[in-house]
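In what follows, chains are A, B, ... by sequence order, proteins preceding strands, each numbered from 1.
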Number of protein chains: 2
Amino acid sequence: MSETLAQQAYKDLKQRILEGTIKTGDLLTERTLAIESGISRTPLRAAISRLQKEGVVSRLTNGTLMVLPVTVEQLLEIVQVRRLMEGAAAARAAERPMTTALNQSRQIMQAYVEGKDVAFDSFWMDDDAFHEAVAEAADLHLLPAMLREMRSIARRCTITRTHDRFAEQAAEHIAVIDAIEARDPAAAVAAMEAHFDSVRSRFLGWLARP
Amino acid sequence: MSETLAQQAYKDLKQRILEGTIKTGDLLTERTLAIESGISRTPLRAAISRLQKEGVVSRLTNGTLMVLPVTVEQLLEIVQVRRLMEGAAAARAAERPMTTALNQSRQIMQAYVEGKDVAFDSFWMDDDAFHEAVAEAADLHLLPAMLREMRSIARRCTITRTHDRFAEQAAEHIAVIDAIEARDPAAAVAAMEAHFDSVRSRFLGWLARP
DNA sequence: TAGTTGACATACAGTTGGTATACTGAAATA
DNA sequence: TATTTCAGTATACCAACTGTATGTCAACTA
């Protein structure tokens, strides 16, 4: 089952944006992108249409294509929504068997607590794995895709990248996993909510810096 | 001494942006604006160039003209800078004779404390008058122009317009004026700083709302 | 096999910004 | 006073872009 040119272009473009090779606020032109991809504008436009629907790129009123900046307001809203959703997911996960993915995530997080130092994108992937493991342990099948969507937005916000207290975040993740393992839903939701409260106050603290 | 067409266009455009008739994020086209103003593109471009220098509009990389959005980060920075500058101005003003403008501003602010209700733009002008009166009472001749610049930026940020506790702000203004009248520099700077701290925490509180 | 559909390539029209050129009136200069 | 210069302005031209239309081809279905 081969991918269409449009699908390939979509994946390629999205990856470049998530990696930061193409930056939020950058303007794109269909012809240039089409030439770079070795395809014509038609499938390229289909790929762009899809990215538009996901809020990754936006057409300005004159048709110009821009990689959509993500505002602080949007970022804070995502933190709030995820706090609700992932808190509930952690409580559900605590009522179900412990998973291999959660165990693996805990080991990875332990390394950060002990001082492991990596680039933002590496930590982001381990962070991805943690949140995905919780959602899957909760048997919530729509949640992983929703998380991916929201996390892809958050990743594009410039403040997110100022966020470098990996050891603290790792410790918060471990607290969630421990509560899930202990089959304590109340502790699990509290730990997950504390994690997001902590994320939020870091963002606000960055904003409020003198 | 008559104004050039470029100067007229500049003033008109800027006013429309400050009033919110043209919104931040809007795209502008030279031809449309020129036709609306009844002039050719050439003086219109001179007006735009001036607005560009002031950070009111921006050229995207493809030449598209956009009314520059003002981010929350910029707004908070302006609040910080003004806290420093206007705190110092209030202290200086407290070492100088009380002025008519400060007395007038106090009366106007008293009406707000007593419940006067107006639209944002009306309050904004009274707010302008207060801050300008303090700067002039401080004999700081460069400060008013700098304030106008920063306030014109702040005015264009969408959060600024969510700010509707006029009575509270008016009471803070009165505290500054009272301290100036009492010739108490320490109290004046403290009152002005408290005012900006209050403004800042309102913005942050709006951001942090659940 | 003929018809339909999805994917794709290419062409065309309209709009925009950038830039060049021409014009005009006022001020300066010889 | 006549001429020149300069600032301000109007207009024309070109390249580049998006939106849309049209044509082609391969795969699928009846």
*Which sits closer to the 5' end of DNA chain D, B:Arg41 or B:Leu5, going by the nucleotide each is nearest to?*
B:Leu5
*Taking the nucleotide of DNA chain D with the closest heavy atom to each, which residue, B:Asn62 or B:Gly38, is nearer the 5' end?*
B:Gly38
May I ask you to say what [X] touches in the nucleic acid, namely base, sugar-phosphate or nothing, with a heavy-atom cut-off under 4.0 Å?
{"X": "A:Leu60", "result": "nothing"}
{"X": "B:Ile39", "result": "sugar-phosphate"}
{"X": "B:Arg59", "result": "sugar-phosphate"}
{"X": "B:Thr29", "result": "sugar-phosphate"}
{"X": "B:Leu28", "result": "sugar-phosphate"}
{"X": "A:Ala46", "result": "nothing"}

Provide the closest heavy-atom pair for [X] versus [Y] in the form atom of the first, atom of the second, distance.
{"X": "A:Phe120", "Y": "A:Phe166", "result": "CA-CZ, 4.0 Å"}
{"X": "B:Leu143", "Y": "B:Ala135", "result": "CD2-CB, 3.8 Å"}
{"X": "B:Leu68", "Y": "B:Gly55", "result": "CD2-O, 3.3 Å"}

_When you measure from the side-chain N and O atoms of A:Arg31 to the phosphate of D:dA16, is any distance below 4.0 Å, counting only OP1 and OP2?_
no
*Distance test, side-chain N/O of A:Ser40 to OP1/OP2 of C:dA9, below 4.0 Å*: yes
*For side-chain contact (heavy atoms from CB on, under 4.5 Å), just list the numbers for A:Val118 and A:Tyr112, CA-CA rounded to whole Å, side-chain angles, deciding distance to a tenth of an Å, and then say yes or no.*
CA-CA 9 Å; A:Val118 296; A:Tyr112 286 111; 3.5 Å; yes
Just how far, in rounded Å, is [atom2] of [N] from [atom1] of [X]?
{"X": "A:Glu30", "N": "C:dC8", "atom1": "CD", "atom2": "P", "answer": "15 Å"}
{"X": "A:Arg45", "N": "D:dC17", "atom1": "CZ", "atom2": "P", "answer": "14 Å"}
{"X": "A:Leu44", "N": "C:dA9", "atom1": "CG", "atom2": "P", "answer": "10 Å"}
{"X": "A:Ile48", "N": "D:dG19", "atom1": "CD1", "atom2": "P", "answer": "9 Å"}
{"X": "A:Leu33", "N": "D:dA16", "atom1": "CG", "atom2": "C1'", "answer": "15 Å"}
{"X": "B:Leu27", "N": "D:dC17", "atom1": "CG", "atom2": "C1'", "answer": "14 Å"}
{"X": "A:Ile35", "N": "C:dA9", "atom1": "CD1", "atom2": "C1'", "answer": "13 Å"}
{"X": "A:Met66", "N": "D:dC17", "atom1": "CE", "atom2": "C1'", "answer": "15 Å"}

_So, under a plain 3.5 Å distance rule, would you say the side chain of A:Thr4 forms a donor-acceptor pair with the base of C:dA7?_
no
_Side-chain donor/acceptor of A:Thr42 to base of C:dA9, under 3.5 Å_ = yes
*Does the ring centre of A:Phe196 sit less than 6.0 Å away from the ring centre of A:His173?*
no
